[in-house]
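Here the structure is laid out as structure tokens; the discussion comes afterwards.
So that the names make sense, note that chain A is the first sequence line, chain B the second, and so on, each numbered from 1.
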Number of protein chains: 2
Amino acid sequence: MFSKSTEYALRATIYIARQSSIHKKVSIQEIAEGIGAPKHFTAKILQQLSNKNAQIVSSISGPSGGFYITEEASKKPIYIVVEAMGENTVIESCVLGLPNCNDATPCSMHKSYKGIKKELLGMFKNRTINEVANSKDCLTPVYFNRNK
Amino acid sequence: MFSKSTEYALRATIYIARQSSIHKKVSIQEIAEGIGAPKHFTAKILQQLSNKNAQIVSSISGPSGGFYITEEASKKPIYIVVEAMGENTVIESCVLGLPNCNDATPCSMHKSYKGIKKELLGMFKNRTINEVANSKDCLTPVYFNRNK
DNA sequence: ATTATTAAAGATAATTTTGTCCTTAATTTT
DNA sequence: AAAATTAAGGACAAAATTATCTTTAATAAT
């Protein structure tokens with residue numbers, strides 16, 4: 001569904017948010033290992049998530065530094081991560097990739113996809129980063145990288 | 001959601017099915033123009049859809065030749081197109097891309113995504129190629145490439 | 001038979017995505 | 001102040017995806 005970049009972005013955000021909720025900052029090293037993603041590639045993604053436009057994750061250099069997410073940011077919908085990675089179109093556009101598909105001039109799948117798209121969008125827009133990160137639905141202690 | 005290849009594959013299949021339902025064969029040229037995809041790339045995709053494993057579209061070389069879909073094939077679910085392109089995982093796997101995510105060891109989004117995934121899968125598995133191609137939901141005479 | 005038309009197949013190229021490496025800057029600890 | 005630790009940023013490389021081009025094979029019409 002999403003690109004690797006966006007998958008990593010979501011996983012990283014959730015990982016950091018979990019640690020931040022117990023007031024822990026985490027290093028790129030730890031994040032990368034925790035989410036099962038290449039270290040330097042993870043670094044690049046974290047830059048995108050922390051830049052001026054996105055401001056989803058925060059960071060501090062130097063020893064005892066690392067990444068964290070403010071309480072304010074963690075109250076925003078998880079959707080902003082997808083948006084920051086520029087992949088909100090994945091959820092919002094036509095299944096057949098038609099640029100001119102809409103309610104007025106629908107493609108063959110438009111009607112059946114419309115409701116699903118709405119739910120999909122809701123899944124990202126109606127749940128905050130914090131809610132997702134600390135979801136009770138996910139009972140396992142370590143979320144990612146279990147098979148390492 | 002899907003790669004360009006799969007989008008083109010779905011569009012091409014629908015386009016051919018529509019023409020086949022009025023007993024018309026169509027050339028690569030016509031298909032490519034009709035769906036708004038590069039000609040030679042479309043040809044490659046049609047090869048994938050017509051090969052021994054897939055057998056979704058049929059073709060005949062030479063003048064008055066072209067592509068068509070048999071009545072039998074058009075009764076199969078549109079899902080087989082996605083499958084032939086090797087992208088059924090897009091619909092069937094974890095949103096976060098975790099290989100070990102399942103009901104027993106769910107990721108943070110698993111529960112909320114589960115129902116959506118089921119609907120998404122149903123959209124492709126419960127509708128035949130013919131149903132999608134000749135859907136009454138789509139009223140516009142030309143499905144694709146309207147802005148050319 | 002020859003020519004024209006069409007798909008099949010293979011080679012190559014461009015672009016995008018993914019991944020790695022190295023240097024620099026910031027910050028803390030000693 | 002010096003050393004150590006961490007993120008930031010830029011350059012580069014590998015792989016995958018998307019796109020193009022050329023030749024060959026099949027088939028029909030002339």
Side-chain angles (χ1 to χ4, degrees), chain A residues 1-13 15-16 19-20 24-69 82 84-87 89-90 97, chain B residues 1-13 15-16 19-20 24-69 85-87 89-90 97:
Chain A
M1 158 149 264
F2 294 119
S3 68
K4 292 259 179 212
S5 297
T6 298
E7 284 177 1
Y8 294 159
L10 286 165
R11 274 144 66 172
T13 302
Y15 188 92
I16 298 167
Q19 300 306 312
S20 287
K24 267 190 187 172
K25 272 177 297 198
V26 280
S27 68
I28 290 175
Q29 179 77 36
E30 184 187 335
I31 298 165
E33 280 176 9
I35 69 174
K39 185 175 158 186
H40 297 286
F41 195 52
T42 303
K44 285 280 182 300
I45 288 161
L46 290 172
Q47 279 173 36
Q48 282 192 67
L49 297 179
S50 66
N51 75 21
K52 205 168 164 293
N53 296 320
Q55 296 200 115
I56 298 166
V57 310
S58 309
S59 66
I60 293 174
S61 284
S64 86
F67 291 88
Y68 64 98
I69 293 181
V82 180
M85 300 304 295
E87 295 212 353
T89 52
V90 171
Chain B
M1 158 148 266
F2 295 119
S3 67
K4 292 257 183 212
S5 297
T6 297
E7 285 176 1
Y8 294 159
L10 287 165
R11 273 144 66 174
T13 301
Y15 188 91
I16 299 168
Q19 300 306 312
S20 287
K24 267 191 187 171
K25 273 176 296 199
V26 279
S27 69
I28 290 174
Q29 179 78 35
E30 184 188 336
I31 297 165
E33 280 177 9
I35 69 175
K39 185 175 157 187
H40 296 287
F41 196 50
T42 303
K44 284 280 182 295
I45 288 162
L46 290 171
Q47 279 172 34
Q48 282 190 70
L49 297 179
S50 66
N51 75 21
K52 205 169 162 292
N53 296 320
Q55 298 200 111
I56 298 168
V57 310
S58 310
S59 65
I60 293 177
S61 283
S64 87
F67 291 88
Y68 63 99
I69 293 182
M85 300 304 294
E87 294 212 355
T89 53
V90 170

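- For D/dA8, the OP1/OP2 oxygens have no side-chain nitrogen or oxygen of A/S61 closer than 4.0 Å.
- With a cut-off of 3.5 Å on both Watson-Crick or G-U wobble distances, the partner of D/dA26 is given as C/dT5.
- With rounding to whole Å, A/K44 atom NZ is found 10 Å from D/dC12 atom C1'.
- Defined by atom type and a distance below 3.5 Å, a donor-acceptor pair is missing between the side-chain atoms of B/Q19 and B/K25.
- Each of A/F2 and A/P63 has a nearest nucleotide on DNA chain C; the 5'-most of these lies closest to A/F2.
- Note on A/S64: every side-chain N or O is 4.0 Å or more away from OP1 and OP2 of D/dT5.
- Of the options B/V26, B/I60, B/V57, a side chain to side chain contact (heavy atoms under 4.5 Å, CB included) to B/Y68 is made by B/I60 and by none of the others.
- As a whole-Å value, the separation of B/E87 CD from D/dT18 C1' is 13 Å.
- You'll find the side chain of B/Y8 stays beyond 4.5 Å of the side chain of B/S3, heavy atoms only.
- In this structure, A/V57 reaches neither bases nor backbone, as no heavy-atom distance under 4.0 Å exists between it and the strands shown.
- A/M85 has its CE atom 16 Å from the P atom of C/dT16, to the nearest Å.
- Rounded to whole Å, the distance from CD on A/Q47 to C1' on D/dA8 is 5 Å.
- Contact check, B/Y8 against D/dT18: no side-chain N or O comes under 4.0 Å of OP1 or OP2.
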